[in-house]
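Input: a single structure, listed below in structure tokens.
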Amino acid sequence: MSENVVHLHKPTDPPTDPAAPTVLTVVPDAPPAPPVPLWVRSGRAVKTAVTHETTKTTARAVARHGLYTFNGGRIVARRTWDGKTGARYERMIRTAEAAGNLEAAEEWEERLQRFRAARHHRRMDLLHSPVEAAKGIAVGTGVSIGVLVALGVVMAINNHDVTDVITPLRATIDFIALLIRIVQVVWGPALTIGPFLALLALWTVGSKQQAAPQWALPANVRSGEGEPITPSIVVKALRDLGVPALRNAIKEMGDAGASMLGPIRIAGCGVEVDVTLPSGVATNEVQAKRRKLAENLTRHEHEVFITIPEAARTVRLWIADSGALDEPIGPSPLVTDETLTANYKTGKAPWGQDLRGDAAAISLYQRHLLVTGLSNQGKTAALRALALWLALDRNVEFWIADLKGIGDWAVFEGIAKMLIEGPSDDHCIQATEMVEEAVEEMNWRIEAQRRDPSIVFPPLIVLVDEAQKAFMCPAKGEDKRPYGGSKATSRYFMAVREIHNQGRAVDVLMWQGTQDPTDQNLPKLVREGAHTRASLVVGTESQAEMALGAKAVNAGAAPHLLRQGLDKGTLVVASDGIDIPAGQSSITVRTHFIDDEPAAEIAARAKALRDGVATLRAVDRGEERDALADVAAVLGDAPRLRTNEVLKRLHALDPSTYGDQWTNDRLKSLLEEHGEEPKKSHGVMVVHRDHVLRALANRDAEGSASAAE
């Protein structure tokens, strides 16, 4: 079959005869490549060596340390010149004139005149000082010789040897000779080492000031990570903000803007500096460019805080160390110190740390509280931390409504007199009725105090978490009044307003936690009624004003610039109950987080301080109460209580039922009806828990017998 194959490609080689002789073709080798010239190879080697990273690092190090020494000499020379002449004062005068501050210019001119007068006085003194110095040396030498001779006379009398008269003088001469020999030995090496020590001192000055170009600095400094904040860096950051008036004023200043800055102070995990702006530059122009200023300082936006102190035309910059605000602050003292106690009136709750790293403690005495922010940012944890501390004061009562209802406040079972947990409209209705009960309690206390001004009431904290649900509740009562809303017909709104108006006078306080504030879920009159206002991160500047007030936001409070999810538990607080730096209207606090397990341990300590509290899970209204059962409930686990304390607890349980008509006589009659009565203990009338339980058992037994008949 192969003979029938037709080749379509024409062979390129002619056919060869098998009998033909074989012809060998010799192909010459390719010519060798021409050698690379020596100068090319040398150039390549030099280029590789010069561009190698090790060479660059070495060159930068040499240049950096050389410039540290050179520029350190310049810095020392300038400081010396400023100290010996009036150059500093003249520079300050030019700066004040450029800033339009004529009063400061006149003050610096007066200082310059005083400096010149003092310098002239010193120079005139030099004319007389040689003569006075010679006299002083002569007198000093004579006195010293006299003292030595007198000492020798004493020694001679004591030793009965006349030669001891000159012994002290001879010893002094020998000591002086020894000093001269030491100087002769040290002088030569000192002359050799001295210049090196001087260069080392200049290098130290230059390195502290980072007196070298950016390209010569180490990589971590060039990249901005951890760059130290120096006056030149702050002035450059302000100059490059893009505010023309500020930039031009800095250019015209003789000291390149350094006089604008106050001292740079270490403040916690960062530094703080006051900047006096030149004439024509408003503080809000700098506030509005916070992000650009932070980036100019090689920081993130959340690491720079701008506030307005009392001084006119001044902004206060707090600049964090890179990454410092992302580090945790540690556990709460409530967790680490089991001996910690609370005092409602004089104590302060350990809430967290401020940006300086100092402990941030807040007074809760007679202050209504509002904590707001976006969801899942730590609002409930911040509120609960305060309540846990205050629970360690056994005199404080709690009525709590948790409208989230997932168990965040369950640890207050046995501490709170009322505890409502749940997100439904029914729970919102119960929360509203609880606040209305608190209003009745407040009115009763006011009336009782009017009759007896010396009476003292236990503090009552009415706490509603997720209060926005109560404001937004659509349900209406039998009288057609809505439970929620922000109008005068709203039951919850009006109850909170009444407590805000008069509650602190009788220690009935309103604490509220809300999220994502708006005019609908946090009405203006309610939020402005709180003495302590704290905000976690919020979405907008208008929400920040709702949370803290326009005054605090205008002065630099910026919860809307916190980072959602990253700054959990970080609060901006406006309150007179917490120490705020002078001239500021708010403070930023990083709160301690107390988890559920340690919270339960703290709550157990609080329960141990109390006589037993029966926690009601709902507000009972419109039902006839069982007085004897209520007495047993308010006694709790206490073996006995004074009758007046039982009456107080009954009133707190239901003011409408156990009002003014309930007295010691009525309580006595109730117990006598069931075969028991209060008895005295140490001269005070008390109610015994065993007696009440026995009365209940007798009543139940009588009821069972009647039913059987």
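Just so we're clear, the structure is a prediction, and the values are computed from it rather than from any experiment. Side chains are part of it too, since the values below use all heavy atoms of this structure and drop only hydrogens, waters and symmetry mates.
- With R290 contributing its side chain and I306 its backbone, the two residues share no donor-acceptor pair below 3.5 Å.
- Going from atom CG of L561 over to atom CD of E541 covers 8.0 Å, rounded to the nearest 0.5 Å.
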(message) Please evaluate residues V315 and I308 with respect to the criterion side-chain contact (heavy atoms from CB on, under 4.5 Å), reporting the C-alpha separation (whole Å), side-chain torsions for both, the decisive distance (0.1 Å), and the verdict.
(response) CA-CA 5 Å; V315 293; I308 310 298; 3.8 Å; yes
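- Applying the 6.0 Å contact sphere to CD1 of I266 captures no more than 12 heavy atoms from other residues, nucleotides or ligands.
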(message) Set out, in order, the CA-CA distance, both residues' side-chain angles and the distance that settles side-chain contact (heavy atoms from CB on, under 4.5 Å) for V235 and L261, then state yes or no.
(response) CA-CA 8 Å; V235 172; L261 307 184; 3.7 Å; yes
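- Here the CG atom belonging to L317 is positioned 6.0 Å from the CG atom belonging to L293, to the nearest 0.5 angstrom.
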(request) Starting from the C-alpha separation in whole Å, work towards a yes-or-no answer on side-chain contact (heavy atoms from CB on, under 4.5 Å) for V589 and I362. (result) CA-CA 11 Å; V589 177; I362 185 169; over 6 Å; no
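- Contact check for M260 versus V281: no side-chain heavy atoms found under the 4.5 Å cut-off.
- Between T314 and T283 the shortest side-chain heavy-atom distance does not fall below 4.5 Å.
- Around CZ of R291, the count of heavy atoms belonging to other residues, nucleotides or ligands within 6.0 Å does not exceed 12.
- Here the side chains of L246 and P278 are in contact, with some heavy-atom distance below 4.5 Å.
- In this structure, the side chains of T172 and S144 stay at 4.5 Å or more apart for every pair of heavy atoms.
- L562 contributes atom CG, which lies 14.0 Å from atom NZ of K568 (distance to the nearest 0.5 angstrom).
- Residues L178 and R181 meet the side-chain proximity criterion, which asks for heavy atoms closer than 4.5 Å.
- Residues W389 and G347 come closest through the heavy atom pair CH2-C, 3.7 Å.
- Listed for the R533 side chain is a donor-acceptor partner under 3.5 Å among the backbone atoms of A547.
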(request) Start with the C-alpha gap between N554 and K551, add the side-chain angles, then the distance that decides, and say whether side-chain contact (heavy atoms from CB on, under 4.5 Å) holds. (result) CA-CA 5 Å; N554 292 336; K551 179 181 178 182; 5.9 Å; no
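- Across all non-hydrogen atoms, the minimal contact from V335 to P598 is CG2-CB, 3.9 Å.
- In this structure, H592 contributes its side chain and G330 its backbone to a donor-acceptor pair below 3.5 Å.
- In this structure, the separation between CG on L374 and CD on Q564 is 5.0 Å, given to the nearest 0.5 Å.
- Proximity of V537 to D567: side-chain heavy atoms (C-beta onward) are nowhere separated by under 4.5 Å.
- Across Q377 and R563, no two heavy atoms sit closer than the pair OE1-O, 4.5 Å.
- Among all heavy-atom pairs drawn from S586 and I580, the shortest one is O-CG2, 3.5 Å.
- Between R265 and D274, the closest side-chain pair of non-hydrogen atoms falls below 4.5 Å.
- The 12-atom threshold is exceeded at CZ of R119, counting heavy atoms of other residues, nucleotides or ligands nearer than 6.0 Å.
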(message) Between D516 and Q543, is the side-chain hydrogen bond (donor to acceptor under 3.5 Å, both in side chains) condition met? List the steps.
(response) CA-CA 8 Å; D516 201 10; Q543 287 184 312; 2.6 Å; yes
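- Note that CG of L364 is 8.5 Å distant from OG of S575, once rounded to the nearest 0.5 Å.
- When all heavy atoms of V573 and W351 are compared, the pair lying nearest together is CG2-CZ3, 4.0 Å.
- Between F175 and L179, some side-chain heavy-atom pair lies under the 4.5 Å cut-off.
- Distance alone, capped at 3.5 Å, places no donor-acceptor pair between the R316 side chain and the E272 backbone.
- Between the side chain of N248 and the main chain of P244, a donor-acceptor pair closer than 3.5 Å is present.
- Exactly one residue among E110, E90, E109 makes a salt bridge (Lys or Arg N to Asp or Glu O under 4.0 Å) with R116. That residue is E90.
- Under the 4.0 Å criterion applied to side-chain N and carboxylate O atoms, E285 and K289 are not assigned as salt-bridge partners.
- Taken from NZ in K236 to CG in L297, the straight-line distance is 10.0 Å, to the nearest 0.5 Å.
- Looking at every heavy atom in both residues, P517 comes nearest to V538 through CD-CG1, 4.3 Å.
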